[in-house]
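Report on one structure; see the data block that follows.
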Amino acid sequence: VAIAVRRPSAAMTEAPSLFAGQWLHLGFAAVVLPLLMLPKSPLYMDPAPATWLGLPLSSWFRVAMLVPVVHTAFVWLCWRLELRYAAISRAVGAKTYYHTFFLLMGLRFLSLLLLAIADHDSVPIPYWLRGAIAAPVAAVAGLTVHDVVKLWGPTLYKSLVRASGADHFDPSFRTKPLVAQGVFGYVPNAMYACGVQALWLFGLLAASRLALACAAFQVAHIWAHYFGTERIDMEYIYRKSEKKA
């Protein structure tokens, strides 16, 4: 999701290697995931193992943690293979990437929602406070999504595929100016700073300890993806476009 890009450096003359910047991305997941998902993690503090729909809460939690890791790894792999070899376009086509991206995005939110339901009311937060915190988070995230749909393309489809990283696949997106209207005029990296905060909503509204922990992991992991993958890619993509222009 390209929102804010640093001025391209002179050294960025070829597509990033597959593992460029991944020490941050992979290192974060390697350290944090085991700490959160170990059987004796402090998150599982109930005297008896709780279940929902026949599955222990730890299973719902692990699924909700692994789906975003798979999603982020999929994006990283597709972006880098496309930039270096046009491998995705040649093998399956960009539309397959777009459709898979949004399928995994949907599963990311669905697994988090199911976790919040399974673990509801595990944190003593009164209903009024849940609403007071969730309302501004929902407003900011909702405004960001609204501005993406309205400002990022002439149609809903074009806006959404641009948000999924279409500039890695379609050169026509690389000549478009970065959006500086709406929320993006006030927050340069609004998709990350504002949009992804929607991940907190299920845990807040359900007062779920596990859903809040999962949301915290996802937000941090997404920022690791930005610094380790996207920002590096954007330097290359927009430097290459400037040279052609």
Side-chain angles (χ1 to χ4, degrees), residues 1-30 66-109 145 148-149 151-179 184 188-192 195-196 218 221-245:
V1 181
I3 312 297
V5 181
R6 292 185 303 175
R7 186 70 179 173
S9 64
M12 187 62 72
T13 58
E14 63 178 23
S17 67
L18 190 62
F19 292 101
Q22 295 311 297
W23 64 270
L24 175 64
H25 183 194
L26 298 177
F28 174 81
L66 288 175
V67 168
V69 172
V70 171
H71 184 202
T72 306
F74 167 79
V75 172
W76 153 67
L77 191 61
C78 289
W79 282 5
R80 291 293 170 83
L81 289 176
E82 183 67 21
L83 286 182
R84 290 194 69 84
Y85 312 110
I88 306 304
S89 296
R90 292 174 179 173
V92 296
K95 284 188 177 181
T96 300
Y97 163 80
Y98 301 147
H99 296 162
T100 307
F101 175 94
F102 286 108
L103 172 62
L104 291 171
M105 176 69 79
L107 290 175
R108 179 192 287 259
F109 280 92
V145 173
V148 167
V149 172
L151 301 172
W152 280 34
T155 65
L156 174 62
Y157 179 78
K158 288 286 188 180
S159 295
L160 292 178
V161 299
R162 186 180 183 186
S164 73
D167 47 8
H168 287 70
F169 302 87
D170 186 345
S172 68
F173 284 93
R174 301 174 187 177
T175 60
K176 299 180 184 298
L178 297 177
V179 175
F184 300 101
N189 210 346
M191 184 64 81
Y192 287 85
V196 301
Q218 290 199 45
H221 193 231
I222 287 170
W223 275 104
H225 163 77
Y226 170 71
F227 286 109
T229 302
E230 181 164 352
R231 190 168 68 166
I232 296 172
D233 290 3
M234 295 300 100
E235 285 191 347
Y236 165 73
I237 288 172
Y238 289 99
R239 174 176 173 77
K240 188 176 180 181
S241 299
E242 284 182 0
K243 291 176 71 175
K244 286 184 177 180

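A salt bridge links R80 to D233: at least one charged side-chain nitrogen sits closer than 4.0 Å to a carboxylate oxygen.
Side chain of R174 to backbone of D167: a donor-acceptor contact under 3.5 angstrom is found.
Ring geometry for Y157 versus Y98: interplanar angle over 60°, hence perpendicular rather than tilted (30 to 60°).
Atom OG1 in T155 sits 12.0 Å away from atom CZ in R162 (nearest 0.5 Å). To the nearest 0.5 angstrom, L83 atom CG is 8.0 Å from F169 atom CZ. Between F74 atom CZ and L104 atom CG the span is 6.0 Å, to the nearest 0.5 Å. With values rounded to the nearest 0.5 angstrom, R108 atom CZ is found 4.5 Å from I222 atom CD1.
Closest of all the heavy-atom pairs between K176 and S172 is CG-O, 3.8 Å. Across all their heavy atoms, T96 and V92 have their closest contact at OG1-O, 2.9 Å. Between S159 and G153, the closest heavy-atom pair is OG-N, 3.0 Å. The two residues W152 and A163 come nearest to each other via the heavy atoms CZ3-CA, 3.5 Å. Here the shortest heavy-atom pairing between V148 and F184 reads CG2-CZ, 3.6 Å.
Within the 4.5 Å cutoff, side-chain heavy atoms of W223 are placed close to those of N189. The closest side-chain heavy-atom distance from L77 to L18 is below 4.5 Å. The closest side-chain heavy-atom distance from T229 to Q22 is below 4.5 Å. No side-chain heavy atom of H71 sits under 4.5 Å from any side-chain heavy atom of L107. Residues M234 and H168 form a side-chain contact, since some pair of their non-hydrogen atoms from C-beta on lies under 4.5 Å apart.
Counting only residues at least two apart or in different chains, salt bridge (charged side-chain N to carboxylate O under 4.0 Å, His left out) contacts with residues 81-104 are absent.
For F101 and W79, the gap between ring centers reaches or exceeds 6.0 Å.
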Quick one: do F227 and Y192 satisfy side-chain contact (heavy atoms from CB on, under 4.5 Å)? Show the steps, please.
CA-CA 11 Å; F227 286 109; Y192 287 85; over 6 Å; no
Is there a side-chain contact (heavy atoms from CB on, under 4.5 Å) between Y97 and V75? Walk through the geometry before answering.
CA-CA 9 Å; Y97 163 80; V75 172; 3.9 Å; yes
